[in-house]
Amino acid sequence: MPERPVAMFAMSAENVPQIFPAEVMTRLREVVDIDPALVAEDFSEPRVREALGGTEILITGWGCPRLDAATLDAAPKLRAVLHSAGSVKGFTTPAVWDRGLVVSSAAVANALPVAEYTLAMILLAGKDLFAQRDRLRARRSVPGWALVPGIGNYGRRVGVVGASRIGRRVIELLRPFDLRVSLTDPYVDEGGAAELGVPLLPLDDLLATSDIVTVHAPQTPETRHLIGRRELGLMPAGSVLINTARGSLVDHDALIDALRVGRLSAILDVTDPEPLPADSPLYDLPNAFVTPHLAGSQGNELTRLGLTVLSEAERVVAGEGVEFGVDVGVLERGA
């Protein structure tokens, strides 16, 4: 049996047993030589620094310290970085790409629960669930069965902002429903949209013709406040904005003004800043539904991330290319 390559965890130590529960850890240790008790939260820590010298594979995750040139100089045998979460922007540096390291991300696996959350919120928003719940709470009685005009998901118009992994998965999940879905994305052409089975619209047109807008664009300097005061003004009265991407994509001051006058509703799993200050109006506005960044992998969904890294580690050890590699060009576009 070939010798297992030496690997090390680099993330917040508390995350290791959640992402790599016992059965996944056992399988991982059959593939690589890794000490679950040695987790790099600080690359300058002496024991970590010593271990870097023999490390061939870094298994990273939320809380990974930055991989700067000095750290990489201390890891001359390092050949692969396998990330057990989504974006690698928070800890990679130009030195990673200069070294030509293989970098893999579990972003595809983490996209699945975000898309599922988004699907649920789209369907619930179409039923005006949150406002109906609040009305029932206020009345404390059920007036009997009655038709509720203006709600429902038949023919509801859904606009998807961004054909990211999550955006594409949302489009796929929406196919079985009687919804009219459209897409806006500057990197997708008509042919690409046709492959996804949706019409491609400019952002302004999508906003003006959607009952529900769901945001899945990357966070870049260009996309800051992508949905600003002017864009919110284009949305029809009574429409709903869903954001599971990054809080900075939406101008929160403009959104709060739109919510206060009752023009729109919003479902926000991400905010700017995050977390919101205690006095933020978004906590109390009846047409704002805020959740604490839980659309991504949580609880038992974290195991999927660990299994993705396990699969990538098997491929690296077998001398195959990783399945979910990240390159600097994609990274610069915000992935």
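All residue numbers refer to positions in the sequence shown, counting from 1.
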Say whether, by atom type as modelled, one donor and one acceptor occur between the side chain of [X] and the main chain of [Y] under 3.5 angstrom.
| X | Y | result |
| --- | --- | --- |
| T55 | I57 | no |
| E312 | E323 | yes |
| T118 | V170 | no |
| R4 | V31 | no |
| E195 | G192 | no |
| S311 | L307 | no |
| R140 | R137 | yes |
| D73 | P76 | no |
| S164 | H216 | yes |
| E274 | G247 | no |

If two hydrophobic side chains count as joined below 4.5 Å and joins carry through other members, does [X] share a cluster with [Y]?
| X | Y | value |
| --- | --- | --- |
| V322 | V24 | yes |
| L179 | I166 | yes |
| I122 | V114 | yes |
| V270 | L124 | no |
| L101 | L52 | yes |

Might you point out which heavy atoms bring [X] and [Y] nearest each other, and give the distance in Å?
| X | Y | answer |
| --- | --- | --- |
| S84 | I19 | OG-CD1, 3.7 Å |
| R165 | A111 | CB-CB, 4.1 Å |
| A266 | L259 | N-CD2, 3.8 Å |
| T184 | L206 | N-CD1, 3.6 Å |
| V48 | A40 | CG1-CB, 3.6 Å |
| R99 | L78 | NH2-O, 3.4 Å |

State whether the number of non-hydrogen atoms from other residues, nucleotides or ligands found under 6.0 Å of [X] atom [atom1] is greater than 12.
| X | atom1 | answer |
| --- | --- | --- |
| R315 | CZ | yes |
| R263 | CZ | yes |
| E320 | CD | yes |

To the closest 0.5 Å, what do you measure between [atom1] ([X]) and [atom2] ([Y])?
| X | Y | atom1 | atom2 | value |
| --- | --- | --- | --- | --- |
| D185 | D189 | CG | CG | 10.5 Å |
| Y117 | T214 | OH | OG1 | 9.5 Å |
| I227 | S248 | CD1 | OG | 11.5 Å |
| H293 | R246 | NE2 | CZ | 5.0 Å |
| H252 | L282 | NE2 | CG | 6.0 Å |
| F177 | L119 | CZ | CG | 5.0 Å |

Evaluation steps, side chain to side chain contact (heavy atoms under 4.5 Å, CB included), between L264 and N287: CA-CA 7 Å; L264 309 172; N287 48 350; 6.0 Å; no
Trace of the side chain to side chain contact (heavy atoms under 4.5 Å, CB included) decision for V39 with M11: CA-CA 7 Å; V39 182; M11 64 181 75; 4.2 Å; yes
Is there side-chain contact between [X] and [Y], with heavy atoms separated by less than 4.5 Å?
| X | Y | result |
| --- | --- | --- |
| T71 | R49 | yes |
| L28 | I59 | yes |
| R157 | I212 | no |
| R66 | F43 | no |
| V213 | M235 | yes |
| V250 | E231 | no |
| V161 | L203 | yes |
| I242 | V240 | yes |

Note: R169-E172 ion pair, threshold 4.0 Å (strictly below): yes
salt_bridge(E56, R79) N-O dist < 4.0 Å: yes
Test applied, side-chain contact (heavy atoms from CB on, under 4.5 Å); reference residue, S297; option that passes from T303, L112, L305: L305
Option passing side-chain contact (heavy atoms from CB on, under 4.5 Å) with L268 (candidates L276, L255, T244): L255
Step-by-step salt bridge (Lys or Arg N to Asp or Glu O under 4.0 Å) determination, R229 to D257: CA-CA 9 Å; R229 192 172 301 277; D257 288 345; 2.9 Å; yes
Stepwise side chain to side chain contact (heavy atoms under 4.5 Å, CB included) check, L58 with L82: CA-CA 6 Å; L58 266 183; L82 309 181; over 6 Å; no
Derivation and outcome, side chain to side chain donor-acceptor pair (under 3.5 Å), residues D269 and T291: CA-CA 5 Å; D269 188 54; T291 54; 2.6 Å; yes
Geometric class of the F20/F9 ring pair [parallel <30°, tilted 30-60°, perpendicular >60°]: tilted
Test log, rule side chain to side chain donor-acceptor pair (under 3.5 Å), inputs D211 and S239: CA-CA 5 Å; D211 302 304; S239 57; over 6 Å; no
Residues which pass salt bridge (Lys or Arg N to Asp or Glu O under 4.0 Å) with R224, listed by chain and number, not counting sequence neighbours: D272
No-hydrogen, no-angle side-chain donor-acceptor test under 3.5 Å, H83 and S105: no
Side chains of S12 and E14, donor plus acceptor under 3.5 Å: no
Pairs touching residues 120-129 that satisfy salt bridge (Lys or Arg N to Asp or Glu O under 4.0 Å), sequence neighbours left out: D128-R135
Derivation of the side chain to side chain contact (heavy atoms under 4.5 Å, CB included) call for T308 and V108: CA-CA 9 Å; T308 300; V108 170; over 6 Å; no
